[in-house]
Protein chains: 4
Amino acid sequence: MTKSKPDGDNVVPAARQLASYIQRVENVEAEIKAHADDRKEIYSEAKGNGFDTRTIREIVKRRKLGREKTEERDALLAVYETNLDSILD
Amino acid sequence: MTKSKPDGDNVVPAARQLASYIQRVENVEAEIKAHADDRKEIYSEAKGNGFDTRTIREIVKRRKLGREKTEERDALLAVYETNLDSILD
Amino acid sequence: MTKSKPDGDNVVPAARQLASYIQRVENVEAEIKAHADDRKEIYSEAKGNGFDTRTIREIVKRRKLGREKTEERDALLAVYETNLDSILD
Amino acid sequence: MTKSKPDGDNVVPAARQLASYIQRVENVEAEIKAHADDRKEIYSEAKGNGFDTRTIREIVKRRKLGREKTEERDALLAVYETNLDSILD
DNA sequence: GGCTTGGAATAGCTTC
DNA sequence: GAAGCTATTCCAAGCC
């Protein structure tokens, strides 16, 4: 036997550490949820004022991606669609 | 004509309002991302200390669901699996 | 007691039915997986021939949505972005 | 100029190839959708006969994972939850 | 081999 | 309350 100390010295600290991780995760998830609720409210308010939330979401995405990449993707899409126009549909 | 005011009095305010929504969404998304990064770090730290993050995630989920519902689901799963044991595999 | 028949007359048939559902689901999921693998191969081949798979995926989505709705969405996005141009960034 | 041939000799074949990929993808996606609908119907039928579809889905997942891994995960979850019992809640 | 993108599934919200 | 849509989460695979 390599140790004479009771399990409590190993297991319990590990359990406490595990509990700590779980509570920390639960705390940050509570924050995330609060902000997600805020966002939902913003969209709800925008919708109430006649804006299309889908389009707003898309704009937010495009801005996050960056103007340059967004334009590249738009351009490539246009090329592909132009080429297809004479063939499909 | 019901209005003599130029469009600017309508369109521009709408544009400003749209811009405001977008910025508010971007602000809360920045907060969400910060907290999500925190959570990722907690899991990373837990993993570094030998914990299984998948299991921790599952526990977090089960706690969020509540003890009662969790136990109900466990019980039902056990029933179904017991019944299947004599038939499948 | 409302019934003198052994449980087997109720439980076992239910268990058999449950097993049947599970196997039917597993069968269709095998089919789905096979086709999903096919799709992956097609994209892989397209990529090997120099096509951008992200753009192809987007085109597939747009075609699924339908030309009309796609154009509506594009148009609304353009309006929103034009209005924002003078305000944000 | 390295080539005297008209663009058509390059662009159009590429366009045709692109169109071919798109149609092949659309074909396999139609198959996938058909099978996904089948699966939905199976679950719907199971539900109509009193089964809990969430539990059936879980069983299908567990069987896909394999008995061994499933039992390992269950065991680890039990260990973690036992250790937490004395600390959290 | 890890990390980041992409796909699938689940769950929640919205709409009818 | 059912059904579609959206968003998030989870998992796998491909890239670095």
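Bear in mind the structure is a predicted one, so any value in this text is a computation, not a measurement.
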*Asks:* Only counting residues at least two apart or in another chain, list the ones meeting side-chain contact (heavy atoms from CB on, under 4.5 Å) with D/D52.
*Replies:* B/L76, B/Y80, D/R54, D/T55

*Asks:* Holding to ring-ring contact (aromatic ring centres under 6.0 Å, His included), I want the full list of residues that pass it with C/F51, two or more places apart in sequence or in another chain.
*Replies:* D/Y21

*Asks:* Output the rounded distance in Å from CG (D/D37) to P (E/dA9).
*Replies:*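 Computing the D/D37:CG to E/dA9:P distance gives 13 Å.
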
*Asks:* Take C/K64 and D/E26 through the salt bridge (charged side-chain N to carboxylate O under 4.0 Å, His left out) test and state the conclusion after the steps.
*Replies:* CA-CA 9 Å; C/K64 193 182 296 175; D/E26 286 176 347; over 6 Å; no

*Asks:* Does the pair A/R73/C/E58 count as a salt bridge with the N-to-O cut at 4.0 Å?
*Replies:*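 Judged by the 4.0 Å cut-off on N to carboxylate O distance, A/R73 and C/E58 do not form a salt bridge.
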
*Asks:* Check each residue of residues 46-73 of chain D for a non-hydrogen atom within less than 4.0 Å of any atom in DNA chain E, then write out the ones that pass by number, or none.
*Replies:*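 Close to the strand are D/R54, D/R57.
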
*Asks:* Rounding to an integer number of Å, can you tell me how far D/Y43 OH sits from F/dA3 C1'?
*Replies:* 18 Å

*Asks:* Please round to the nearest 0.5 Å and tell me the distance separating atom CG of D/L84 and atom CG of A/L18.
*Replies:* 4.5 Å

*Asks:* Can you check the D/E41 CD to F/dA3 P distance for me, whole Å?
*Replies:*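 Roughly 13 Å, once rounded to whole Å.
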
*Asks:* Quick check on DNA chain F: between C/K33 and A/A36, whose nearest nucleotide comes earlier from the 5' end?
*Replies:* A/A36

*Asks:* Toward the 5' end of DNA chain E, which comes first, B/K40 or D/R39, by nearest nucleotide?
*Replies:*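 So the residue in question is B/K40.
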
*Asks:* Could you check how far CD of A/E29 sits from C1' of F/dA7, rounded to whole Å?
*Replies:* 15 Å

*Asks:* Salt-bridge test for D/R62 and B/E81: reply yes if a basic N is under 4.0 Å from a carboxylate O, no otherwise.
*Replies:* yes

